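For reference, the structure discussed in these notes is given below.
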Number of protein chains: 2
Amino acid sequence: MAVTTIPAEIPPATSPGRDTYRHGDLRRALIEAGVELAREGGPAAVGVREATRRVGVTPNAAYRHFVDRLALLDAVCSACQSRVAIAMETEQEAALAVLGGPAAGSPAAPALTDAETRALRARLRFRAVGTGYLRFALAEPGLFGAAFSPSSDLESATSAARAGTTGRTPFELLTAALDDLVAVGVLPSERRPGAEFLAWSAVHGLAALLIDGPLRALDPDQVQSLVGRVVTMVEQGL
Amino acid sequence: MAVTTIPAEIPPATSPGRDTYRHGDLRRALIEAGVELAREGGPAAVGVREATRRVGVTPNAAYRHFVDRLALLDAVCSACQSRVAIAMETEQEAALAVLGGPAAGSPAAPALTDAETRALRARLRFRAVGTGYLRFALAEPGLFGAAFSPSSDLESATSAARAGTTGRTPFELLTAALDDLVAVGVLPSERRPGAEFLAWSAVHGLAALLIDGPLRALDPDQVQSLVGRVVTMVEQGL
DNA sequence: TCAGCATGTGGACAACGTACACATTAGCGG
DNA sequence: CCGCTAATGTGTACGTTGTCCACATGCTGA
């Protein structure tokens, strides 16, 4: 800087958005900037220099909080997975609200036995897992790409930082829905082991093809149809 | 260089592997180098500097043949898709060879009607599409990643550069197998439209989860089991 | 033979990730 | 209240990458 020896009466004036030398919570700020970058350009757009620039800090400051660019990306990834979990949870709530919503007996709806209701709820819950996942992927392709970029592995898949409001990660929401399906007798228990991977494969694959695969630029109606059909395929084929 | 004005009696001596000023077929050489790079480190590892370095040429030479790094990557992508197609074709041949192989009537095998044989062939062919795809993904994760990196779109999906020995791209092999399934009556024709995307989603998603998703580091037996189950899920759920 | 075009070279620039040394501050024991 | 120390941010610098520009070279057809 021009004058290093002067104590500076005016606050350091480094950049708008910060008046103290210390930032306060740089780590969180960098993650948020990284999430924004991911939203705009996917995981590849999450860079140390650009993130620090947006926060108004020197590039090297980031290295006090993240060893690597990859460490930053991993933190961003966790934040994005958390958002996926939240999207899935709200989708579940919306789906189940239809059931309990307009009084117990809706007009012209045949009365359901208790077992039937529970089975229906489990199925709706399971479908919501898949459709919530896909809706998020379509609404926020950049965040979705960052959430499942090759930095996350199974060990950290249950990390609390990746959970939604109910404290469960996307993967845990899926396994819970499948367990429910078994509990109410919709899914035979002998087909349960590994089912999460089959379901996840189908939904994740469709997301990949829709976002930057050969299916981008499909019109929304066809997309919506495909989403429903994939989930149905999983239900029938599990 | 040290002496630019001397015509150089010794051949330019730029680097081992080339003795003429002109390379001869630089474009192809760069693509091959790029494929090798992709094999080692996936699509992200395909760089113009490293590719030209391996070919023994100046970085800028690449720009006479590719406008961009992305253009190079796209060419590499086509080459990789072609290999995927070949893997699928050989898988199909292997699967069908079991049928016609050891004479018409194998021991202790009940005689099949003509329609039954044709249906069986179509199903084997369809399954081979999926298993070939997945086997390639597991055997060559880097090439697989490059083959379906976000540079390829539907328009170029039928390009001849991406075809296998029978002249069909991976996508075309899949649609052909599905058409066959309909022709022999295994798949009801009303479920045919869009089926390629459902099938592709499931298989592609599993590949993604296996390669750099949360399923890497799964032991080979479980992988093999998942591969079979996914294809079965598709068959049943279509 | 020679002009023109395709192809490869050399040098340069901006951006990136990141290592090193230094400056500044917060929070502590005295 | 003072000063020490650890935490945090700054400055400078290096190597690498993609890419632009001007120039050199060699093939090819008039």
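Every chain is numbered from 1 and lettered A, B, ... according to where its sequence line falls, protein lines coming before strand lines. Only a predicted model underlies this, so the values are computations on that prediction, with no experimental measurement involved.
- Taking CG from B/D179 and CZ from B/F126, the interatomic distance works out to 11.5 Å, rounded to the nearest 0.5 Å.
- OP1 or OP2 of C/dG8 sits under 4.0 Å from a side-chain N or O of B/H65.
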Between protein and nucleic acid, restricted to nucleotides 14-18 of chain C and to nitrogen or oxygen atoms under 3.5 Å apart, what atom pairs and distances do you find?
unit_1, atom_1, unit_2, atom_2, d
C/dC16, OP2, A/R53, NH2, 2.8
C/dG17, OP1, A/V48, N, 3.2
C/dG17, OP2, A/V48, N, 3.3
C/dG17, OP2, A/R49, N, 3.0
C/dG17, N7, A/R49, NH1, 2.4
C/dG17, O6, A/R49, NH1, 3.0
C/dT18, OP1, A/D68, OD1, 3.1
C/dT18, OP2, A/Y63, OH, 3.0
C/dT18, OP2, A/R69, N, 2.9
C/dT18, O5', A/Y63, OH, 3.3
C/dT18, O4, A/R49, NH1, 3.2

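- Whole-Å rounding puts the A/R22 CZ to D/dT8 P distance at 7 Å.
- In this structure, the side chains of B/F144 and B/R83 stay at 4.5 Å or more apart for every pair of heavy atoms.
- The side-chain heavy atoms of A/F66 and A/D74, taken from C-beta on, include no pair separated by under 4.5 Å.
- Atom CZ of A/R27 and atom C1' of D/dA7 are 15 Å apart (whole Å).
- Following rounding to the nearest Å, A/H23 (NE2) and D/dT8 (C1') show an atom-to-atom distance of 12 Å.
- The base of D/dG9 is paired with the side chain of A/R64 by a donor and an acceptor separated by under 3.5 Å.
- Below 30°, between 30° and 60°, or above 60°: for B/F148 and B/H204 the angle between ring planes is above 60°, a perpendicular geometry.
- Atom C1' of nucleotide D/dG9 and atom CZ of A/F66 are separated by 15 Å, given to the nearest angstrom.
- Within the model, atoms CG of A/L138 and OG1 of A/T131 stand 11.0 Å from one another, a figure rounded to the nearest 0.5 Å.
- In the set D/dG9, C/dT9, D/dT10, the nucleotide with an atom closest to the side chain of A/T58 is D/dT10.
- Using a 4.0 Å cut-off between charged side-chain N and carboxylate O, B/R54 and B/E50 make a salt bridge.
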